[in-house]
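A short write-up of the structure that comes next.
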Amino acid sequence: MPAFQTTPGTRDILPPDASRWRAFVDVFASVVERAGYEQIVLPMFEDLGVFQRLGDTTDVVTKEMYDFVDKGGRHVALRPEQTAGVCRAFVQHHPNVPWKVWYSGPNFRYEKAQQGRYRQFDQVGIEVLGVDDPLLDVEVISLAHSFYRELGLCDVELRVNSLGDTGDRARYVDALAAYLRSRETELSRESQATLARNPLRVLDSKRAEDREVVAQAPSISGFFSHGAASHFAAVQEGLALLGIDFVVDDRLVRGLDYYRSTTFEFVSTALDAAQTAIGGGGRYDGLVEDLGGDPTPGIGFAIGVDRTLLACDAESTFAAPDGTADVFVVDTTGGRTALLLAAQLRGAGLRTERAYGAKSMKSQMKTANRSRAAVAVIIGEDELARGVATVRPMDGGEQTHCPLDAVVATVLDIVSKGKS
RNA sequence: GUGGGCGUAGCUCAGCCUGGUUAGAGCGUCAGGUUGUGGCCCUGAAGGCCGGGGGUUCAAGUCCCCUCGCUCACCCCA
């Protein structure tokens, strides 16, 4: 047992997973940048108040915040998500609208870890501020959809719902609370407690005892104003236009209190775990105002990197990029020639590995084999004396000698043939 | 925060129920079998205060208690 290990809920992303991680973000960036989204990098901690605007009945705020007082007496918190930060930045810098940004990076929530849930977890996401058009909702959803497809995921279900406008939501919450209270004794104890602080969350309950009561609960759709109803209808039509399959789930309420109007969630049906929601988002038309800005509509989504990668594992797609070397330089004469040749090969763009220390020819060849290099360049006493190198294709082809200054060209030739 | 399962070599695990000489296997690593050549094969080596602490006992990896950690689930969410 080492003296130190990772703190609970955190972990090291080791090779080769870390390069897969980076590739994941690269794919995401390419999908959203094609749609005109620009990268934004926000602080990982902010004034606690920024995140309290997420709602004082959300667990993320009330019990999962990683907050502390810094040396200057400021009460700050590690960000639990990035939407609030984006809105704060929008208010602070008043960019032109529409403001279309994407981000990636870690978020922090103080909760007990389990599969697909960590105290430090990464998300990629986009946000758009300043546009109320329901067809933007469709575009936002379609970008997440495209991203999943680009990763090779098939078993992803899209669930959409609308929470109506602010007034609709309030009226619905009242009606729902009244209904749930009328059947309170039938609910699980946990749900009874949830009812007292946030009736909407009861709809999320996974407990069997609650299922029937929840199933018979009134639907938000009965409370939509004309505007909210037509917005939601337009979103559904737009999704159909793009040929994106979805199901309307009027029990989909989502965890952050700021959501209004369109909400959606992507669920992996390939995942056999408690955490199957791999991405989600929606409209938050009141959030900018809550943060002190002018009333500004907003919409976005966040995708969990760990969970989505878990889904990729379950569907055997998006494997870690392999670290195969192009060429391996073996040198049993001290290593200076290998050092020089490796630098030249790398300068020519070849992925070049070599052995370190005075190892035997056999040992170095073993290492070369393990690196899966296509070619080995061998410098032994004979080569050193004659000023040449032996170039050996590792697939069993004939090995040849060539002058040291022709090694790069010779290797390039073999590698390019192997790749074509 | 609550509950279940699990902590033995770098990794995956056996041994624990029914305490008893130097704690094992596979994989991986390193070296050798070829005094200059990888894969397959063979041989050998290194590597463990059996998570930590306390207790019971002549004797604890094994039984008991505590603790820390991991893990799965609840809550909640990505």
Side-chain angles (χ1 to χ4, degrees), chain A residues 1-11 14 54 57-64 80-83 104-125 144 188-191 193-194 197-198 200-202 204-210 252-256 259 265-268 271-281 301-311 328 330-333 355 357 359-385 390-396 399:
Chain A
M1 188 59 61
F4 294 106
Q5 24 180 358
T6 49
T7 250
T10 67
R11 70 258 192 256
L14 301 172
L54 300 177
T57 62
T58 64
D59 284 4
V60 168
V61 172
T62 56
K63 61 178 208 190
E64 295 171 4
E81 50 109 68
Q82 304 213 36
T83 304
S104 74
N107 305 307
F108 307 84
R109 293 181 195 172
Y110 194 90
E111 51 190 351
K112 200 151 172 179
Q114 68 189 68
Q115 187 173 66
R117 200 186 67 182
Y118 303 97
R119 287 183 177 174
Q120 177 177 335
F121 64 100
D122 268 60
Q123 291 181 328
V124 294
S188 63
R189 271 178 55 202
E190 293 88 344
S191 285
T194 306
R197 81 173 186 278
N198 191 346
L200 275 182
R201 302 244 56 81
V202 177
D204 259 353
S205 170
K206 291 176 194 162
R207 276 173 296 273
E209 317 95 271
D210 298 329
L252 175 64
V253 290
R254 305 201 48 72
L256 288 328
Y259 284 116
E265 191 166 279
F266 290 90
V267 173
S268 169
L271 240 31
D272 182 27
Q275 269 67 42
T276 56
I278 56 176
F301 66 72
I303 287 171
V305 177
D306 314 271
R307 289 189 190 178
T308 304
L309 251 16
L310 241 31
F328 192 102
V330 169
D331 180 351
T332 57
T333 68
K359 303 233 181 178
S360 70
M361 173 79 63
K362 173 174 178 160
S363 169
Q364 292 192 42
M365 286 302 292
K366 278 189 176 183
T367 310
N369 183 55
R370 224 176 302 127
S371 77
R372 291 186 295 171
V375 184
V377 171
I378 301 167
I379 309 296
E381 296 299 340
D382 288 355
E383 287 85 350
L384 190 66
T390 296
V391 177
R392 177 180 175 84
M394 294 300 278
D395 61 4
Q399 69 182 33

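The model shown is predicted, which means the values in this text are computed figures rather than measured ones. Letters A, B, ... are given to chains in the order of the sequence lines, protein chains preceding strands, and every chain is numbered from 1.
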_Taking only the P atom of each, what is the distance from B/G36 to B/C49 in whole angstrom?_
39 Å

Rounding to an integer number of angstrom, what distance separates B/G15 and B/A9 when you compare their P atoms? 15 Å

Donor/acceptor link under 3.5 angstrom from A/R370 side chain onto base of B/G39:
no

### Query
If we take the C1' atom in both B/G32 and B/G10, what is their distance in whole Å?
23 Å

note: A/M361, atom CE; B/G38, atom P; distance rounded to Å ~ 10 Å

Determine the Euclidean distance between corresponding C1' atoms of B/U22 and B/C65; express it in Å to zero decimal places. 31 Å

To the nearest angstrom, the CZ-C1' distance between A/R392 and B/G38 comes to 7 Å

When A/V305 and A/M394 are each assigned the nearest nucleotide of RNA chain B, the 5'-most assignment goes to A/M394

Separation of B/A78 atom P from A/L252 atom CG, nearest Å, is 10 Å

- request: Assign A/Q115 to base, sugar-phosphate, or nothing according to its heavy-atom contacts below 4.0 angstrom with the strands shown.
  value: sugar-phosphate

Between NZ of A/K359 and P of B/A31 the distance, given in whole Å, is 5 Å

Answer with yes or no whether A/K362 presents, from its side chain, a donor or acceptor under 3.5 Å of a partner atom in the base of B/U34. no

For B/C70, the nucleotide meeting Watson-Crick or G-U wobble distances (both under 3.5 Å) is B/G5

Among side-chain atoms of A/Q114 and A/Q275, is any donor-acceptor pair under 3.5 angstrom?
yes

Within a strict 4.5 Å, meaning less than it, do heavy atoms of the A/R119 and A/P8 side chains meet?
yes

Between B/C77 and B/G4, how far is it from one C1' atom to the other, in whole Å?
-> 22 Å

**Study point:** Distance-only polar pair, side chains of A/T390 and A/E383, donor-acceptor under 3.5 Å
**Key:** yes

Taking B/C77, B/C75, B/U2 as options, the one with an atom nearest any side-chain atom of A/R201 is B/C77

A/M394 and A/A376 have their tightest heavy-atom pair at SD-CB, 3.7 Å

In Watson-Crick or G-U wobble terms, with both distances under 3.5 Å, the base opposite B/C40 is none

From CG of A/N369 across to P of B/C41 the rounded distance in Å is 13 Å

Atom CZ of A/R117 and atom P of B/C75 are separated, to the nearest Å, by 10 Å

| said: Heavy atoms only, 4.0 Å cut-off, all strands: where does A/A277 land among base, sugar-phosphate and nothing? | reply: sugar-phosphate

Practice item. Using a heavy-atom cut-off of under 4.0 Å over every strand shown, decide if A/T332 touches base, sugar-phosphate, or nothing. Key: nothing

### Query
Counting distance only, does the side-chain N/O of A/R307 pair as donor-acceptor with the main-chain N or O of A/A277 below 3.5 Å?
yes

Touch class at under 4.0 angstrom, heavy-atom based, for A/I278 against every strand present: sugar-phosphate

Distance col, row A/T276:OG1 vs A/Q115:CD, nearest 0.5 angstrom, shows 11.0 Å

| field | Whole-angstrom distance between B/U21 and B/C42, as gauged at atom C1' | value | 32 Å

From CG of A/L271 across to P of B/C72 the rounded distance in Å is 11 Å

Partner of B/U21 under the Watson-Crick or G-U wobble criteria, both distances under 3.5 Å, comes out as none

ask   = Across the strands shown, which category fits A/D382 at heavy-atom distances under 4.0 angstrom: base, sugar-phosphate, nothing?
value = base

Ignoring hydrogens and angles, are the base of B/G36 and the side chain of A/Q364 linked by a donor-acceptor pair under 3.5 Å?
no

Provide the distance between the two P atoms, one in B/A31 and one in B/U71, to the nearest whole Å.
35 Å

Atom CZ of A/F121 and atom P of B/C77 are separated, to the nearest Å, by 11 Å

Counting any heavy atom closer than 4.0 Å, what does A/T367 reach on the DNA or RNA strands: base, sugar-phosphate only, or nothing? nothing

For a quick check of understanding: with a heavy-atom distance under 4.0 Å over all strands, which category does A/E383 fall into, base, sugar-phosphate or nothing?
base

So does A/Q275 reach the base of B/A73 with its side chain, donor to acceptor, closer than 3.5 Å?
-> no

Looking only at B/U37, B/G69, B/C72, the nucleotide nearest the A/Q399 side chain is B/U37

Practice item. Quick one: label A/G125 by what it contacts on the DNA or RNA (base, sugar-phosphate, nothing), any heavy atom closer than 4.0 Å. Key: nothing

Query raised in the report: A/Q364 side chain to A/K359 main-chain N or O, any donor-acceptor pair under 3.5 Å?
Result: yes

Heavy-atom nearest pair, A/E381 first then A/T332, reads OE2-O, 4.0 Å

Assign each of A/G116 and A/I378 the nucleotide of RNA chain B bearing its closest heavy atom; nearer the 5' end lies the nucleotide of A/I378

Taking only the C1' atom of each, what is the distance from B/C13 to B/G48 in whole angstrom? 14 Å

Which of B/G36, B/C75, B/G3 is nearest the side chain of A/T390? It is B/G36

A/Q114 has its side chain closest, among B/A73, B/G32, B/A31, to B/A73

pair_partner(B/A45), Watson-Crick or wobble, both distances < 3.5 Å, evaluates to B/U29

